[in-house]
Structures are given as C-alpha cells and as structure tokens.
Peer 1: 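Below you'll find the structure I mean.
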Number of protein chains: 2
Amino acid sequence: MNKYTNKLDHFISQLNTDTQQDIMALPKQMVYEKGDFLLKEGTICKKSFVLESGIIRKFYLNEGKEITTEFYFKDDIALSFKSYISQEPSNEYLQVLEKTVVMVTDYDDVLKLQKTHPELIELELLFMQQYVIWLDERLFHFHTLDAKQKYQLLLNKTPHIIQNIPLNYIASYLGVSPETISRIRASK
Amino acid sequence: MNKYTNKLDHFISQLNTDTQQDIMALPKQMVYEKGDFLLKEGTICKKSFVLESGIIRKFYLNEGKEITTEFYFKDDIALSFKSYISQEPSNEYLQVLEKTVVMVTDYDDVLKLQKTHPELIELELLFMQQYVIWLDERLFHFHTLDAKQKYQLLLNKTPHIIQNIPLNYIASYLGVSPETISRIRASK
DNA sequence: CGACATATTGAGATCCATCAACCAATGTGG
DNA sequence: CCACATTGGTTGATGGATCTCAATATGTCG
C-alpha cells in the first residue's frame with residue numbers, strides 16, 4: 001500500500017494550515033460497488049480517487065482482450081495518467097473489484113487551487129516523480145524477469161495483490177497467461 | 001527526435017524574457033567522443049544533457065549484461081531520472097555512441113533558479129509528464145507486442161534509431177536477442 | 001441445486017533464446 | 001601495405017519457456 005503517498009503527505013504537512021485546509025476541503029467521499037466503473041475508454045479522466053478502502057483495477061483493451069496495468073488499494077491514488085494530464089479521452093478503464101470507498105477530487109478544482117497556491121504545483125511534481133520511478137521499475141521487470149521471477153517478486157513485494165485479486169487479473173498484470181501462473185503456483 | 005521538448009519550448013517561450021535569459025545562461029557546451037561516459041553506475045546524476053548533435057545511449061547492467069533503456073538524439077534531454085530526482089547513486093550508465101555535442105546544466109543550478117523563479121517548477125512538471133507518457137507507452141508495447149511488432153514499430157516511429165544504432169543495442173532496447181532482430185530483417 | 005466465475009491440469013504448437021559457425025567491413029600495428 | 005584483430009551482422013540447429021486449446025475441478029451465490 002501507500003505506493004505513492006508517503007512523500008506527498010510529508011510535503012502537505014509542511015504547508016501552512018490554511019493551505020492544508022483548502023486541500024482537504026476539495027475531496028468528496030463516494031462509495032462504489034463491485035463491477036462499477038470510475039472511468040471508461042473514450043471518457044476524459046476529470047477526477048482523481050484516493051482509496052479509503054477496497055480495490056480498484058486499471059486496464060485497457062487490446063484486440064478485445066483486457067490488459068490490466070495497475071491495482072489500487074487503501075491510500076493509493078487512482079487515475080488514468082495520460083488522460084488526466086492531457087485532459088483528452090482515455091484509453092483506459094478504472095473498475096472497482098470490491099466495495100470501495102474513495103475520496104474524489106475534481107481536476108478543475110485542483111487547477112483552481114494551483115492558481116491561488118502555486119506551491120501545489122510542486123505537490124503534483126512529487127506525485128509524478130513517484131509514478132515515474134514506479135513505471136521505470138515495472139519496465140525493468142518486464143525487461144529482465146521471466147514469468148516465475150515476476151510472480152515471485154509480486155509475492156514478496158506486494159503480497160496483498162496476490163491475496164486479494166483473481167489470478168486472471170494478476171496474470172494479465174504480469175503479461176503472462178493464467179495457466180502459466182497456475183503452474184508456477186503448483187511447482188512448490 | 002524532439003521526444004520531449006516541444007511542450008517545453010512552448011512553455012519557455014511564454015516566460016518573460018528576463019527569466020528566459022536566466023535559463024539560457026545556465027548550460028555550458030561540452031563535446032564528448034565515442035565511448036565516453038556521461039554517467040556511470042554508483043554516481044549521482046547531477047547534470048542534464050541537451051543534445052546539440054550526436055547520440056547517447058542509456059543502459060544498466062543486469063547479471064553482467066547491458067540492458068539498453070533509451071537513446072538520445074538532437075534536442076533530447078539525457079539524464080538518469082531516478083538518480084536525478086532523488087540525488088542518489090544511479091544504477092544506470094550514459095554513454096556516447098558517436099562524437100556528441102551537449103549543453104550541460106547542473107542540477108543545483110536548476111534548483112537555485114527554481115527558488116527565485118518558482119514558475120520553473122511547472123517546467124519540470126511538464127518534462128516529467130512527457131516522460132511518464134513515454135514510459136507508459138513503452139510499457140504498453142512490452143505488454144502487447146512480440147519481437148516483430150516491436151521492431152516494426154521502431155522502424156515506423158523512430159527510423160533514426162534503426163538507421164544509426166548497432167543492431168546489438170537495438171535488440172537489447174527491445175528486449176529481444178540480436179539474432180531474432182536479424183531474422184526479422186531477413187524475412188522481407 | 002444449477003449457473004457462472006475461477007482455477008487446475010494436460011498436450012501440442014510456437015516463439016524466441018542460446019550456442020556456434022561464419023562473413024563482411026573496418027581499423028591497426030608492424 | 002599487408003596480416004590480423006575487432007566489430008557488427010547473418011545463418012543454422014536445438015531446446016526451453018510459455019501460449020493456446022480443451023477438459024476437468026472447485027467454489028460461490030442466487
């Protein structure tokens with residue numbers, strides 16, 4: 001958990017209290033049920049979702065097949081980067097895998113707040129940096145690890161993914177067939 | 001070419017001329033020869049390199065093998081992100097593939113300038129956003145394309161890579177063996 | 001219970017890596 | 001200026017990892 005948010009919390013805690021309160025005033029709590037979509041292909045990602053509980057999955061369609069690209073748990077921030085950044089239609093979906101409580105913040109509200117509090121741009125920069133590091137590492141794994149190694153890495157580094165998410169999605173996330181994952185499990 | 005810099009140029013052009021001149025005052029021109037290293041593993045990436053001409057390759061070592069992760073051409077900005085962001089020792093190398101002219105800017109100088117010109121933080125944010133989009137796309141390709149498709153994509157989208165860079169490095173960049181690339185070439 | 005999603009297992013096909021030999025172009029030192 | 005080393009690229013044979021397809025559990029929920 002807490003994939004991105006540690007540095008961000010630290011940054012926020014150093015802002016003056018008025019600014020902090022302005023930030024905290026933006027998000028609204030929402031509750032979604034299993035299967036609900038927070039974002040669909042072709043729609044612009046206008047909101048960010050900070051999870052209070054539950055699980056969200058991000059995926060896109062490639063030749064009719066769902067390719068899972070990310071899972072979000074408590075305290076993670078879910079959004080479709082490219083669409084959020086560019087405010088153009090997304091090619092990704094955000095779907096709730098079980099009952100999930102999120103704090104939703106409007107992109108436009110963030111922009112407005114950045115106008116009056118320019119120091120918040122740095123907050124977005126920090127967030128982006130965290131994401132770059134995460135992406136970079138993930139690419140590294142695709143570059144160097146085989147199916148078994150990728151699975152075991154997940155098992156060690158993020159066991160909550162293995163424990164809470166159907167094998168189907170995990171396989172897709174790792175770029176491997178479900179059967180292969182199943183066989184890796186079986187082999188000790 | 002111009003992988004990242006289009007939006008950045010636009011942003012810079014909208015700054016007031018004093019600020020623009022402050023930015024332009026930072027970089028110093030340097031010339032490197034084939035084989036030279038701009039960064040080595042274990043060293044902190046304290047500089048960014050904007051290429052005026054030549055080619056740079058970024059790679060890391062994995063079990064003794066070089067894994068190429070990026071090529072830089074004219075107008076690209078070469079640096080090791082993770083190390084540059086965190087100012088911790090890099091696990092990557094930056095190596096010059098042919099005589100290369102770069103404009104070098106010190107990270108500390110950028111930080112100083114950001115203190116006096118906070119609007120430049122947004123410039124860094126834009127840069128980071130471009131990189132996220134690029135990384136995201138690259139990950140997508142590793143997730144969905146086979147060797148042939150990856151090669152043909154490179155051929156279509158960035159022919160200058162194919163034309164100017166040894167097959168060895170291209171293969172590594174695509175996560176494929178050199179032999180496979182060679183066979184793809186031979187098959188029409 | 002029946003229906004549907006999820007997971008396992010087997011068999012065959014396929015992609016691609018590896019290893020090895022070989023070739024062509026280039027460069028270097030004697 | 002030649003002999004030879006070096007670099008970059010090709011080609012062939014083989015094996016292994018993993019995909020695909022299909023059959024069969026196992027589980028869950030109305």
Side-chain angles (χ1 to χ4, degrees), chain A residues 33-37 55 57 59 61-68 71 93 95-99 140-155 159-188, chain B residues 33-37 54-57 59 61-68 71 93 95-99 140-155 159-188:
Chain A
E33 298 301 324
K34 178 174 179 173
D36 287 354
F37 285 93
I55 309 177
R57 167 177 85 106
F59 69 94
L61 292 179
N62 182 254
E63 300 178 358
K65 275 177 57 181
E66 296 182 358
I67 312 278
T68 297
F71 302 110
Y93 297 79
Q95 187 183 30
V96 168
L97 293 188
E98 60 178 49
K99 183 182 174 178
F140 166 63
H141 297 147
F142 267 82
H143 221 143
T144 56
L145 304 182
D146 64 17
K148 189 169 196 170
Q149 292 171 320
K150 281 189 278 188
Y151 179 77
Q152 288 177 335
L153 190 76
L154 217 56
L155 202 58
H160 53 288
I161 290 183
I162 304 285
Q163 285 152 14
N164 292 291
I165 292 180
L167 168 146
N168 245 325
Y169 297 152
I170 294 175
S172 165
Y173 177 72
L174 295 179
V176 164
S177 76
E179 291 92 334
T180 295
I181 299 289
S182 182
R183 278 183 252 269
I184 288 167
R185 281 184 176 172
S187 74
K188 205 175 62 65
Chain B
E33 298 300 326
K34 178 173 179 172
D36 287 355
F37 286 93
I55 309 179
I56 295 172
R57 164 177 87 104
F59 69 95
L61 291 179
N62 183 252
E63 299 178 356
K65 275 177 57 181
E66 295 182 358
I67 311 277
T68 296
F71 302 110
Y93 298 79
Q95 188 183 29
V96 168
L97 292 189
E98 60 178 49
K99 183 182 173 178
F140 165 63
H141 296 147
F142 267 82
H143 222 145
T144 57
L145 305 181
D146 64 18
K148 188 169 197 170
Q149 291 170 321
K150 280 190 279 187
Y151 179 78
Q152 288 178 335
L153 190 75
L154 218 56
L155 201 58
H160 54 287
I161 290 183
I162 304 284
Q163 286 152 14
N164 293 292
I165 293 181
L167 169 146
N168 245 325
Y169 298 152
I170 294 176
S172 166
Y173 177 73
L174 295 179
V176 164
S177 76
E179 292 92 334
T180 295
I181 299 289
S182 182
R183 277 183 253 271
I184 288 167
R185 281 186 175 170
S187 72
K188 205 175 61 67

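Naming: A, B, ... by sequence-line order, numbering from 1 per chain. As a basis for the values below, the full set of heavy atoms in this structure was taken, side chains included, without hydrogen atoms, waters or symmetry mates.
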Peer 1: Figure out the CD1/C1' separation between B:Ile184 and C:dA17, and round it to whole Å.
Peer 2: 13 Å
Peer 1: Between A:Thr144 (side chain only) and A:Phe140 (backbone N and O only), is there a donor and an acceptor less than 3.5 Å apart?
Peer 2: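 Yes, the answer is positive, given that a donor and an acceptor are paired below the 3.5 Å cut-off.
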Peer 1: Look at the rings of B:Phe59 and B:Tyr93 and say which category their plane angle falls in: under 30° parallel, 30 to 60° tilted, over 60° perpendicular.
Peer 2: parallel
Peer 1: Do B:Arg185 and B:Tyr151 get their side chains close enough for a donor-acceptor pair, meaning under 3.5 Å?
Peer 2: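 Looking only at side-chain atoms, B:Tyr151 and B:Arg185 do form a donor-acceptor pair, the distance falling under 3.5 Å.
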Peer 1: If you find the nucleotide of DNA chain D closest to A:Lys65 and the one closest to B:Glu179, which residue's nucleotide is nearer the 5' end?
Peer 2: B:Glu179
Peer 1: To the nearest angstrom, how far is B:Glu63 atom CD from C:dA17 atom P?
Peer 2: 15 Å
Peer 1: Round to the nearest Å and state the distance from B:Gln149 atom CD to C:dC15 atom P.
Peer 2: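 Going from CD in B:Gln149 over to P in C:dC15 covers 11 Å.
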Peer 1: Between C1' on C:dT6 and CD1 on A:Ile170, what's the gap in Å once rounded to a whole number?
Peer 2: 12 Å
Peer 1: Nearest-Å distance, OH (A:Tyr169) to P (C:dA5)?
Peer 2: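 One finds 10 Å between P of C:dA5 and OH of A:Tyr169, rounded.
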Peer 1: Could you tell me the separation between the CD atom of B:Glu98 and the P atom of C:dT26, rounded to a whole number of Å?
Peer 2: 16 Å
Peer 1: Between C:dC16 atom C1' and B:Asp146 atom CG, what is the distance in whole Å?
Peer 2: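 It works out to 10 Å between those atoms.
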Peer 1: For C:dC16 and B:Ser177 - does any side-chain N or O of the residue sit under 4.0 Å from the phosphate oxygens OP1/OP2?
Peer 2: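 Checking C:dC16 against B:Ser177, no side-chain N or O comes under 4.0 Å of OP1 or OP2.
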Peer 1: Just how far is it from atom CG of A:Asp146 to atom CG of A:Leu174, taken to the nearest 0.5 Å?
Peer 2: 11.0 Å
Peer 1: Where do A:Thr68 and B:His143 come nearest, in terms of heavy atoms and distance?
Peer 2: O-CE1, 3.6 Å
Peer 1: Over how many whole Å does the gap from A:Arg183 atom CZ to C:dG12 atom P extend?
Peer 2: 13 Å
Peer 1: From B:Gln149 CD over to B:Ile184 CD1, what is the distance, rounded to the nearest 0.5 angstrom?
Peer 2: 10.0 Å
Peer 1: Chain B on DNA chain D: first and last contacting nucleotide, 5' to 3', under 4.0 Å to a heavy atom?
Peer 2: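 It runs D:dG9 to D:dA13.
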